[in-house]
Amino acid sequence: MVEPGNTDVAEDPQLQSRLAKLLTVGEECQTVPELTRLLQAKGSEGQPRFNLYDGFEPSGRMHIAQGIFKAINVNKCTDTGGHFIFWVADWFGLMNDKMGGDMEKIQVVGKYLIEVWKAAGMNMEHVEFRWCEEAINNEAEAYWGQCLDIARRFTVSRIKKCCTIMGRGEGGLSAAQILYPIMQCTDIFFLKADICQLGVDQRKVNMLAREYCDAAGLKKKPVILSHHMLFGLLAGQAKMSKSDPDSAVFMEDTREDLVRKFQKAYCPKEAATGAAAAAAADEDMHLTKDDLANPCLDYVKQIVFGPDGATFIAGGTTFSDAESVREAFLSGALSEDELKAGLVEAVDALLAPVRHHFETDATAKGYLDQIKEWKANGLDKTAPASALKRLRIAALEGAGELHAVFAPVPYAQIEFEEVLNILALLTSKVDTAKGGLQAVLVLEDWNAFVCNAMTGDRTAIKASMTMLSTALRILAPEVMERVFVVWQSEEALRDSSTYWVSVINVGRKNSCDRVLQTAEDSAQAGQVIAGMMHVATAMATKSSVLVCASGTRQEAMHNFVKEYLESVRSAGDESVSVPQVSAVSCPTWRLKEEVAPVWDASGSVLLLDNDKELNPKIKKAYCREKELDFCPPLTIACRCLTLGVAKQVQISRKEENGGDKAYTTAEEIVADFGSGALHPGDLKPAVAKMLNDVLAPVRDAIKGDKALKKVESDLKNFVKKHGKKGGRW
């Protein structure tokens with residue numbers, strides 16, 4: 001029990017009583033002052049109730065801590081003005097392939113567990129059961145947006161500290177296991193929980209939620225009320241285990257089961273040593289020191305004396321509190337056999353109504369009979385990792401062979417070089433002489449957000465990607481007629497369940513470390529999520545070729561897609577198509593000879609440059625006579641001619657200098673510049689004019705479209721806000 005401390009509640013006896021009762025639920029409260037303020041604002045007559053939450057995965061048997069102990073604590077919470085939300089994590093069960101990966105079976109188990117709580121004495125008047133799959137699918141954009149926001153704000157190291165909630169340590173984690181605590185943290189905010197009322201073993205992820213509030217600038221943090229974790233019945237067990245039937249009492253146990261289990265139970269009178277001492281000192285499971293680590297006394301305190309006014313009869317004596325039982329046992333006044341016999345009687349009395357309910361209630365009995373039948377036939381076992389699941393994009397289902405190009409990391413300052421590189425990647429496979437869809441341009445807006453591109457500003461990310469795709473349509477309409485543009489978030493939200501199952505399946509087959517090999521910043525948890533999402537998104541495009549610029553991070557990510565699908569195919573699914581990765585050499589051009597230590601807009605041609613910004617850049621660009629190895633204006637001219645965005649480069653000069661000349665091919669202009677027939681002084685103004693002519697339709701489109709004007713404004717405002725810090729934004 002947590003003590004109220006110095007919180008001033010003396011002037012309000014009702015508040016004092018509510019606070020004291022609620023604190024008996026928790027072994028720890030973060031924090032008592034916050035809980036006090038919450039009780040002052042909610043839960044009294046005429047006020048809204050405060051929300052508490054706990055989650056459970058329908059995965060089979062329910063032990064006494066989940067059943068009786070939870071019912072006791074929930075009743076205390078609702079008695080003090082709370083509305084208790086149980087998050088029935090059926091989707092998590094599916095994710096973990098429980099009950100053979102069959103959602104209908106998982107949901108039957110969930111309904112069975114609810115019947116157990118009803119029979120165990122849980123007051124259902126202010127209890128709500130929300131089913132995870134249904135709730136998330138109904139509000140997928142809000143849920144997954146919150147999830148990605150949490151992921152982008154924490155390091156992998158911090159998330160790993162939460163992974164004991166899955167019953168696993170930090171070593172050798174799969175990528176999917178990094179997502180699990182992030183989703184649990186998301187649940188807290190999605191359910192609008194005022195109080196996280198889970199076990200001490202969940203404390204780290206609940207604390208993550210409070211840290212997220214600091215990182216996201218949220219003033220209202222969830223209060224954490226962590227209940228005690230019952231010791232396992234055998235020596236050295238810090239908590240009960242479903243995999244060891246003798247480590248715990250289960251809600252369907254018979255009296256004979258209770259006699260056997262308590263007779264075998266560890267029941268010391270002296271301080272624990274060895275494994276038992278280690279279990280008692282496990283801070284992930286127990287925050288209150290208990291040198292004895294005696295599970296029998298633990299059951300007496302937490303289970304028998306959990307309800308108000310409870311008594312315990314053992315050895316012919318009626319005890320009214322747990323401390324008296326402990327003193328009698330340690331002094332020898334109460335023997336071990338007497339203590340255990342009393343426990344059998346007390347616990348059997350608590351389980352009897354549950355047995356009766358499942359014998360007499362037709363609905364409850366039906367659930368139990370189904371589960372027993374599944375167990376008898378082995379249908380309750382955890383299934384192997386699910387077969388390949390892929391999001392289906394309706395517009396692509398009837399298309400022929402496709403190749404996919406993924407847009408680069410978005411910036412407000414969009415370099416024209418990047419636009420042309422994407423166009424080059426698209427045209428490397430598109431044949432404009434043929435009709436129909438031939439390529440996919442993927443805008444990974446969720447990936448950009450979770451990787452903190454553009455400081456995680458979703459409005460700016462969308463604006464950048466919108467401007468990029470619009471410019472491509474204007475500059476190369478014939479090519480873009482054959483290209484389907486995929487917005488990652490839009491397509492994922494059309495069938496979020498399938499998409500995220502496919503993401504998680506990628507994570508299951510790959511370690512966290514393997515996914516991070518594709519990352520730009522291996523410290524951030526968001527990079528792990530992005531790596532998994534990239535594979536799921538690439539699979540959704542059904543592309544036979546993944547095209548990228550050689551030597552880029554995208555090349556590593558595409559090879560990861562190929563590696564994953566090869567592993568699925570080699571595991572026996574021969575229907576899986578493995579895409580090829582095509583890495584295309586894309587020239588880079590900076591306008592200045594020296595490499596600037598920090599990106600500088602004056603050294604790049606930007607998509608949104610006007611003529612007054614663009615002309616001086618080209619005029620000052622490095623361009624030495626006859627020098628072909630590094631000549632930005634010449635490279636720009638060749639690139640535009642080769643890709644067809646410019647029909648010609650028009651040189652205007654006096655007759656004595658060679659007269660006017662129009663270049664229509666890259667080979668021709670390179671030959672003349674290399675021979676000296678074309679002087680830098682004539683090339684530069686011609687390239688500036690060519691660029692202005694190329695960009696004029698983009699500028700005109702922005703001027704004539706309110707939506708595009710808004711996009712341009714969003715990008716400029718973003719640069720104005722962040723640009724003073726230096727670098728590219």
Side-chain angles (χ1 to χ4, degrees), residues 52-67 69-71 73-74 84-117 122 127-137 143 147 162-168 173-174 176-188 190-191 193 196-206 226-227 229-230 239-244 248 250-252 285 367 370-371 374-375 379-386 497 500-501 504-505 507-508:
L52 307 98
Y53 125 90
D54 192 0
F56 70 95
E57 184 180 309
S59 57
R61 307 177 76 188
M62 179 186 281
H63 54 57
I64 197 168
Q66 295 170 308
F69 189 41
K70 192 68 207 180
N73 284 336
V74 168
F84 209 103
I85 302 170
F86 277 101
W87 187 231
V88 188
D90 52 348
W91 198 85
F92 285 73
L94 181 68
M95 180 175 86
N96 292 323
D97 284 317
K98 296 298 174 67
M99 301 303 295
D102 186 321
M103 178 59 86
E104 289 186 9
K105 290 185 176 68
I106 291 168
Q107 291 180 343
V108 167
V109 173
K111 293 171 183 177
Y112 157 74
L113 298 178
I114 293 171
E115 292 296 323
V116 173
W117 277 316
M122 185 182 289
V127 174
E128 176 187 1
F129 293 92
R130 293 192 65 185
W131 294 81
C132 176
E133 185 196 33
E134 180 183 8
I136 291 178
N137 286 342
Y143 184 89
C147 183
C162 299
C163 287
T164 52
I165 67 170
M166 301 187 75
R168 304 167 175 92
L173 286 171
S174 73
Q177 287 167 324
I178 294 294
L179 182 58
Y180 197 105
I182 294 169
M183 290 177 67
Q184 186 171 328
C185 186
T186 303
D187 297 340
I188 296 167
F190 184 71
L191 297 172
C196 301
Q197 206 293 281
L198 297 89
V200 169
D201 61 334
Q202 313 291 306
R203 180 181 183 275
K204 287 182 179 179
V205 75
N206 291 333
S226 303
H227 64 245
M229 300 296 294
L230 282 177
K239 69 170 186 174
M240 295 175 290
S241 170
K242 288 185 179 180
S243 61
D244 183 348
F250 290 89
M251 295 301 292
E252 71 270 21
M285 298 296 162
Y367 295 146
Q370 277 189 294
I371 294 169
W374 294 333
K375 285 184 177 180
L379 300 178
D380 63 324
K381 306 300 182 184
T382 298
S386 301
S497 183
W500 282 99
V501 168
I504 290 161
N505 282 347
R508 280 173 166 174

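Quick caveat, the model's predicted, so the values are computed rather than measured.
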Discussion item. List the residues meeting side-chain hydrogen bond (donor to acceptor under 3.5 Å, both in side chains) with D187, not counting sequence neighbours, and say none if there are none.
Written reply: W87, Y143
Fill in: Euclidean distance, I106 CD1 relative to W131 CH2, rounded to 0.5 Å
10.0 Å
Practice prompt. Step by step, work out the side chain to side chain contact (heavy atoms under 4.5 Å, CB included) result for I182 and C162.
Written response: CA-CA 9 Å; I182 294 169; C162 299; over 6 Å; no
Worksheet item: Side chains of L230 and K239: does their closest heavy-atom pair fall under 4.5 Å?
Response: no
Item to complete: Kindly write out the residues that satisfy salt bridge (Lys or Arg N to Asp or Glu O under 4.0 Å) with E252, not counting sequence neighbours, or none if the list is empty.
Response: R61
Worksheet item: Are the ring centres of H227 and F69 closer than 6.0 Å?
Response: yes
Worksheet item: Which atom pair, heavy atoms only, marks the closest approach of C132 to A89?
Response: CB-CA, 3.8 Å
Worksheet item: At their closest point, which heavy atom of A71 faces which heavy atom of M122, and how far apart are they?
Response: CA-CE, 3.7 Å
Discussion item. Check whether W91 reaches the backbone of V501 with its side chain - one donor and one acceptor, N or O, closer than 3.5 Å.
Written reply: no
Practice prompt. Mind checking the CG-CG spacing from D54 to N73? Nearest 0.5 Å is all I need.
Written response: 9.5 Å
Worksheet item: Y367 and E115: side chain to side chain contact (heavy atoms under 4.5 Å, CB included), yes or no, with the steps?
Response: CA-CA 9 Å; Y367 295 146; E115 292 296 323; 3.9 Å; yes
Practice prompt. Would you sort out whether K70 and F56 count as a side chain to side chain contact (heavy atoms under 4.5 Å, CB included), showing the intermediate values?
Written response: CA-CA 11 Å; K70 192 68 207 180; F56 70 95; over 6 Å; no
Item to complete: Indicate yes or no: at least one non-hydrogen side-chain atom of P58 is less than 4.5 angstrom from one of V88.
Response: yes
Worksheet item: Among side-chain atoms of K111 and Q370, is any donor-acceptor pair under 3.5 angstrom?
Response: no
Worksheet item: Can you tell which of I114, V74, L52 makes a side chain to side chain contact (heavy atoms under 4.5 Å, CB included) with F86?
Response: V74
Item to complete: Could you pull out all residues at least two apart from A193 that satisfy side chain to side chain contact (heavy atoms under 4.5 Å, CB included)?
Response: Y53, I188
Practice prompt. Quick one: list whatever passes side-chain hydrogen bond (donor to acceptor under 3.5 Å, both in side chains) with E134, sequence neighbours left out.
Written response: none
Worksheet entry | Heavy-atom pair with the smallest gap, counting every atom of L198 and G55 | CD2-N, 4.3 Å
Item to complete: Grab the two heavy atoms, one from G67 and one from M251, that are nearest each other, plus how far apart they are.
Response: CA-SD, 3.9 Å
Item to complete: For L173 and C163, work out which heavy atoms get closest and say how close.
Response: CD1-SG, 3.6 Å
Worksheet entry | Test: K105 cationic atom under 6.0 Å from W374 six-membered ring centre, within 45° of axis | yes
Worksheet item: Got a second to check how far C185's SG is from M183's CE, nearest 0.5 Å?
Response: 12.0 Å
Fill in: Side-chain touch F84/Q197, heavy atoms, less than 4.5 angstrom
yes
Fill in: Heavy-atom side-chain proximity of W500 to I136 below 4.5 angstrom
no
Worksheet item: Would you say M103 and E133 make side-chain contact, with heavy atoms under 4.5 Å?
Response: yes
Discussion item. So, using side-chain hydrogen bond (donor to acceptor under 3.5 Å, both in side chains) as the criterion, who are the partners of Q107 when residues are at least two apart?
Written reply: D90
Item to complete: Measure the CD-SG distance between Q202 and C196 for me, rounded to the nearest 0.5 Å.
Response: 10.5 Å
Practice prompt. State, to 0.1 Å, how close H63 and A248 come at their nearest heavy-atom pair, and which atoms those are.
Written response: CB-CB, 4.1 Å
